[in-house]
Amino acid sequence: NAGVTQTPKFRILKIGQSMTLQCTQDMNHNYMYWYRQDPGMGLKLIYYSVGAGITDKGEVPNGYNVSRSTTEDFPLRLELAAPSQTSVYFCASSPGGDYGYTFGSGTRLTVV
Amino acid sequence: GQQLNQSPQSMFIQEGEDVSMNCTSSSIFNTWLWYKQDPGEGPVLLIALYKAGELTSNGRLTAQFGITRKDSFLNISASIPSDVGIYFCAGLSLRGSQGNLIFGKGTKLSVKP
């Protein structure tokens with residue numbers, strides 16, 4: 001049972017480059033989330049999805065895009081990377097209701 | 001928007017000591033959750049609380065859902081070196097079956113052997 005899998009684990013991007021952070025879950029959860037974690041700032045919600053084909057903005061969506069074509073996958077796209085996007089990114093999933101989230105192990109992104 | 005105030009920000013304790021941390025909010029939550037994050041890993045759920053006044057234990061960890069539904073605390077008894085990490089509280093307000101978790105900024109715990 002893999003849970004939530006994120007790839008890559010580490011990435012260095014140059015300013016202006018684009019990339020996609022991959023996230024997949026095998027628990028058949030309807031709800032999926034993308035967070036970024038900056039030192040001392042906790043976790044901030046970027047985007048979330050309540051099911052395939054449905055996505056919505058979180059607290060800090062600017063500079064990011066998402067899609068949800070299947071229940072399993074929820075990729076996060078950075079189109080024009082900026083130094084402010086240097087962070088650790090976590091994907092999470094949930095069956096909904098008042099159940100807690102299951103997190104992936106994160107992607108550490110540095111933009112230089 | 002909703003915010004959680006988590007304290008303390010960091011703690012340096014001796015192995016064997018007890019630890020206490022808490023979260024407060026001006027908003028009411030239906031559910032309180034406590035997560036632990038080990039270095040280089042994602043947060044892992046420790047305890048979930050669903051009812052005001054509820055007191056729940058998980059081994060050496062005990063957490064309580066405040067009566068006002070605006071706060072929660074987590075205690076760790078007899079700390080050991082593997083307790084090191086960042087502990088996050090999270091509150092959930094449901095609208096129907098949908099809601100998003102709001103996270104505190106974390107308490108970084110260091111344990112001296």
Side-chain angles (χ1 to χ4, degrees), chain A residues 1-10 21 23-25 27 29-51 54-61 66 87-109, chain B residues 1-10 21 23 25 28-52 54 56 58 63 65 69 72 74 85-108:
Chain A
N1 188 357
V4 178
T5 303
Q6 289 183 241
T7 57
K9 287 196 179 302
F10 304 94
L21 283 67
C23 176
T24 187
Q25 52 95 5
M27 297 172 284
H29 286 171
N30 283 325
Y31 294 76
M32 295 188 75
Y33 309 85
W34 274 106
Y35 286 89
R36 60 176 288 172
Q37 183 179 31
D38 300 306
M41 297 302 293
L43 293 154
K44 292 191 181 293
L45 183 64
I46 305 171
Y47 269 95
Y48 67 99
S49 169
V50 302
I54 306 169
T55 63
D56 210 344
K57 295 177 180 179
E59 184 182 358
V60 289
V66 293
S87 188
V88 182
Y89 291 84
F90 288 100
C91 179
S93 73
S94 163
D98 55 7
Y99 290 93
Y101 298 175
T102 300
F103 283 85
S105 58
T107 294
R108 184 175 292 274
L109 176 67
Chain B
Q2 295 173 311
Q3 284 190 333
L4 294 184
N5 299 307
Q6 185 172 351
S7 65
Q9 274 190 317
S10 61
M21 59 191 79
C23 262
S25 174
I28 288 174
F29 290 101
N30 304 112
T31 301
W32 282 94
L33 303 163
W34 285 92
Y35 284 84
K36 183 194 177 196
Q37 184 179 24
D38 290 325
E41 297 294 329
V44 173
L45 183 65
L46 297 173
I47 291 180
L49 302 157
Y50 299 106
K51 224 164 48 171
E54 179 180 355
T56 297
N58 179 4
F65 192 144
R69 294 166 63 195
S72 177
L74 175 70
I86 303 176
Y87 292 80
F88 290 100
C89 62
L92 177 65
S93 293
L94 285 176
R95 294 187 189 87
S97 63
Q98 185 177 336
N100 292 329
L101 280 182
I102 308 297
F103 284 87
K105 293 184 178 180
T107 295
K108 186 173 183 179

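Here is the naming used below: chain letters follow the sequence lines, and residue numbers restart at 1 for every chain. Everything numeric in this text was worked out from a predicted model, so none of it was measured.
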Structural part of A:E59 lying under 4.5 Å from a heavy atom of chain B:
neither
Just wondering, do A:L43 and B:Y35 contact through their side chains at under 4.5 Å, heavy atoms?
no
Rounding to 0.5 Å, atoms CZ (B:F103) and OH (A:Y101) come to a distance of 7.0 Å
Counting neighbours of NZ on B:K36 that are heavy atoms of other residues, nucleotides or ligands and sit closer than 6.0 Å, is the number greater than 12?
yes
Tell me, do B:Q37 and A:F90 make a side-chain contact under 4.5 Å, heavy atoms counted?
yes
At a heavy-atom distance under 4.5 Å, which candidate from B:G106, B:A48, B:P43, B:G104 has the highest pair count against chain A?
B:P43
Do A:Y33 side-chain atoms and B:L101 backbone N/O form a donor-acceptor pair below 3.5 Å?
no
